[in-house]
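Below, all heavy atoms of this structure are taken into account, side chains as well, without hydrogens, waters or symmetry copies.
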Amino acid sequence: MPIPERSQTPPNPPDRAAGQGAEKPARTDSGTVMRLSTAELMVLAPRLRVYLKTPSPAWPEIVDAADWLRGELGVSKSLWGEACVAMGREQAAIAIAIVSAKPAAHFRSTPGGYFHGMVAKAKTGELNLGRTVWGLRHAATAKPHRGSSRPTPS
């Protein structure tokens, strides 16, 4: 009985659905990711701007800037790599930007620890970056109330 020839391409692992985990080509535009434009991300996460070379960056520039910002936040290169694999490069950049926008008091331990938790959730499918982006938008547009409809006690 002849031995069947091996395929030149390895088979997909059985636990991966078709298309998951495959590298996508790098984006070259500044369009939206998760209904978020690069311009809006810079408004929501101003610490990212320092690492950008142009005032109107495309997504690859945002990803590069997030890679620099991650060092400032105490996120290791290996954790950044895990995030890029688990979430995709643009969403990993958005996650770093989100972490940079949080006040220091928000973290139980460190910004890097918080990001680690985000990556762990992404790996299990529990991370909802969209909800977090909406929360940042709400916080950015929320204005303190100037007065109250209730009378103040004298």
### Task
Might you point out which heavy atoms bring Leu129 and Met87 nearest each other, and give the distance in Å?
CD1-SD, 4.4 Å

### Message
Taking the cut-offs as 6.0 angstrom to the six-membered ring centre and 45 degrees off its axis, would you call Arg137 and Trp134 a cation-pi pair?
### Response
yes

#### Entry: Smallest separation among heavy atoms of Trp59 and Leu36, with atom names
CZ2-O, 3.3 Å

### Message
Once rounded to the nearest 0.5 Å, what's the spacing between atom OH of Tyr51 and atom CG of Asp64?
### Response
13.5 Å

### Query
Do Glu61 side-chain atoms and Ala58 backbone N/O form a donor-acceptor pair below 3.5 Å?
yes

### Message
Please give me the minimum heavy-atom distance between Val119 and Ala83, naming the atom from each residue.
### Response
CG2-CB, 3.6 Å

Enumerate, atom names and distances included, each donor-acceptor pair closer than 3.5 Å involving a side-chain atom of residues 93-106, sequence neighbours excluded.
residue : atom : partner : partner atom : Å
Ser100  : OG   : Ala97   : O            : 2.7
His106  : NE2  : Tyr114  : OH           : 3.4

#### Entry: Note, Leu52 side chain near Ile62 side chain (heavy atom, < 4.5 Å)
yes

#### Entry: Minimum side-chain heavy-atom gap Leu73-Phe115 below 4.5 Å
no

### Task
Please check if Trp68 and Val75 belong to a single hydrophobic cluster, counting links between Ile, Leu, Val, Met, Phe, Trp and Tyr side chain heavy atoms closer than 4.5 Å.
yes

### Task
Please name the residue in the list Arg70, Lys77, Lys123 that meets the salt bridge (charged side-chain N to carboxylate O under 4.0 Å, His left out) test with Glu82.
Lys123

### Query
Roughly how far apart are Leu48 CG and Thr38 OG1, rounded to 0.5 Å?
9.5 Å

### Query
Do Arg49 and Leu41 come within less than 4.5 Å of each other through their side chains, counting heavy atoms only?
no

### Task
Please report the closest heavy-atom contact between Trp80 and Arg89, naming both atoms and the distance.
CH2-O, 4.5 Å

